[in-house]
Number of protein chains: 2
Amino acid sequence: MTVTAALRTGELAERAGVNVETLRFYERQGLLPVPPRRTSGYREYPAEAVDLVRFIRRAQHLGFSLREIKELLNLRAVPRATCADVAGLAQRKIEDVDAKIRDLRAVRSALAELVNECPRAAPLAQCPIIESLSREPIPKRDHRPKRKS
Amino acid sequence: MTVTAALRTGELAERAGVNVETLRFYERQGLLPVPPRRTSGYREYPAEAVDLVRFIRRAQHLGFSLREIKELLNLRAVPRATCADVAGLAQRKIEDVDAKIRDLRAVRSALAELVNECPRAAPLAQCPIIESLSREPIPKRDHRPKRKS
DNA sequence: CTTGACTCCGTACTATGGTACGGAGTGGAT
DNA sequence: ATCCACTCCGTACCATAGTACGGAGTCAAG
């Protein structure tokens, strides 16, 4: 069987759709295993590296940070790791996403309310949007003196 | 009428609920107007500064970046600016938020599908989550075998 | 053998939104 | 008068996710 030709940084970068510098960056971050080198120092990536880099990018698009992706990848090194471990991480991420969606919905309705209240013609000084954003927060707790009272 | 006592950085920071350093940072960023100083060099903030800083924080929570907040605040200096200008910015922000929500929903269903497919007991090597994230880009609906470039 | 593209490296820089540090000067309560 | 929290300043640093730079070395085609 033929050993698949090794890839150089430029080739891997192109196939995976990233920048060459990004590969070095991922390597420094421990996301991409350090590949063997030619005597010249050139990196020689195995063909699977393409999948790995793609994996990283996909996971990023799903909202995983590089740190989390590393966690996901490190799971491969755990002998008894199962698919369920991965599913667990994904499930946690779903919860994160749900929370973000909820937050954004709250933000959206706050914004919509402001826009709705806006009597477009009013001069800025009376703009209820500006005004309502500047009001006091809900509670005004005790203020323990630091120096003066 | 009494001139309201001027605030020092620490007081403003406490009332507005931010860090003293953050005030300096906002000042450097042009978000907070440069306040008058005592002869000692101490900043003397007018009481309104509290509202201003609160405004900044609120707007941040609504998803405005400091740059956008600056834009919002600069509007005050435009003589003919109206509430409608502010509403316009808010409306744009609503659209941004809607787009983010849509993206997150797509991400969520992609994640949910992965988790659903997962036969929890499978060893990692056959994990369909890992597998599917590593596959080639988009359904290359073009069946031509990818030739070396 | 020359040329031009590619790769190497360390370092610095981008943007975002702050925090932290350290030494010097200030102010007000005791 | 002393004490010490408070404030000043410039600068450096944090995390995140890269991008850019520049000089040196390498590879392969012509």
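Proteins come first, then strands; the chains are lettered A, B, ... in the order of their sequence lines, and each starts at number 1. Owing to the predicted nature of the structure, the values given are computational and were not obtained by experimental measurement.
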Nearest whole angstrom, please: distance from the [atom2] of [N] to the [atom1] of [X].
X: B:Leu23; N: C:dT19; atom1: CG; atom2: P; value: 10 Å
X: B:Arg38; N: C:dG27; atom1: CZ; atom2: C1'; value: 8 Å
X: B:Leu31; N: C:dG17; atom1: CG; atom2: C1'; value: 11 Å
X: A:Leu7; N: C:dC6; atom1: CG; atom2: P; value: 15 Å
X: A:Leu12; N: C:dC6; atom1: CG; atom2: P; value: 15 Å
X: B:Glu11; N: D:dC8; atom1: CD; atom2: C1'; value: 16 Å
X: A:Gln29; N: D:dA17; atom1: CD; atom2: P; value: 9 Å
X: A:Glu68; N: D:dA17; atom1: CD; atom2: P; value: 9 Å

Report yes if at least one side-chain N or O of [X] is closer than 4.0 Å to OP1 or OP2 of [N]; otherwise report no.
X: A:Thr22; N: D:dA17; result: no
X: B:Arg43; N: C:dT26; result: no
X: B:Arg28; N: D:dT11; result: no

- Mind checking the CD1-CD spacing from B:Ile56 to B:Gln29? Nearest 0.5 Å is all I need. 10.5 Å
- To the nearest 0.5 Å, atom CZ of A:Phe55 lies from atom CG of A:Leu31 at 10.0 Å
Nearest to the side chain of [X], heavy atoms from C-beta on, is which of [options]?
X: B:Phe25; options: D:dG18, C:dG18, C:dT16; answer: C:dG18
X: B:Glu21; options: D:dG10, C:dG27, D:dC21; answer: D:dG10
X: A:Asn19; options: D:dT19, C:dG27, C:dG17; answer: D:dT19
X: B:Ser40; options: C:dT16, C:dT19, C:dT26; answer: C:dT26

- Side chain of A:Tyr42, base of D:dG25: donor and acceptor closer than 3.5 Å? yes
- Query: Less than 3.5 Å between a donor and an acceptor, one on the side chain of A:Arg24 and one on the base of C:dG10, is that the case here?
  - Reply: yes
- Message: Can you work out whether A:Arg8 or B:Arg37 has the more 5'-proximal nearest nucleotide on DNA chain D?
- Response: B:Arg37
- Task: Inspect the surroundings of CZ in A:Arg120 and state if more than 12 heavy atoms from other residues, nucleotides or ligands are less than 6.0 Å away.
- Result: yes
- Query: When we call it a touch if two heavy atoms are under 4.0 Å apart, what does A:Gln60 touch: a base, just sugar-phosphate, or nothing?
  - Reply: sugar-phosphate
- Starting from the 5' end of DNA chain C, give me the residue, B:Ser65 or A:Thr9, whose nearest nucleotide shows up first. A:Thr9
- B:Glu27 vs B:Arg43, salt bridge (charged side-chain N to carboxylate O under 4.0 Å, His left out): CA-CA, chis, key distance, verdict: CA-CA 11 Å; B:Glu27 186 178 317; B:Arg43 290 170 179 80; 2.9 Å; yes
- Query: Is the backbone of A:Thr82 close enough, under 3.5 Å, to the side chain of A:Asp85 for a donor and an acceptor to pair up by distance?
  - Reply: yes
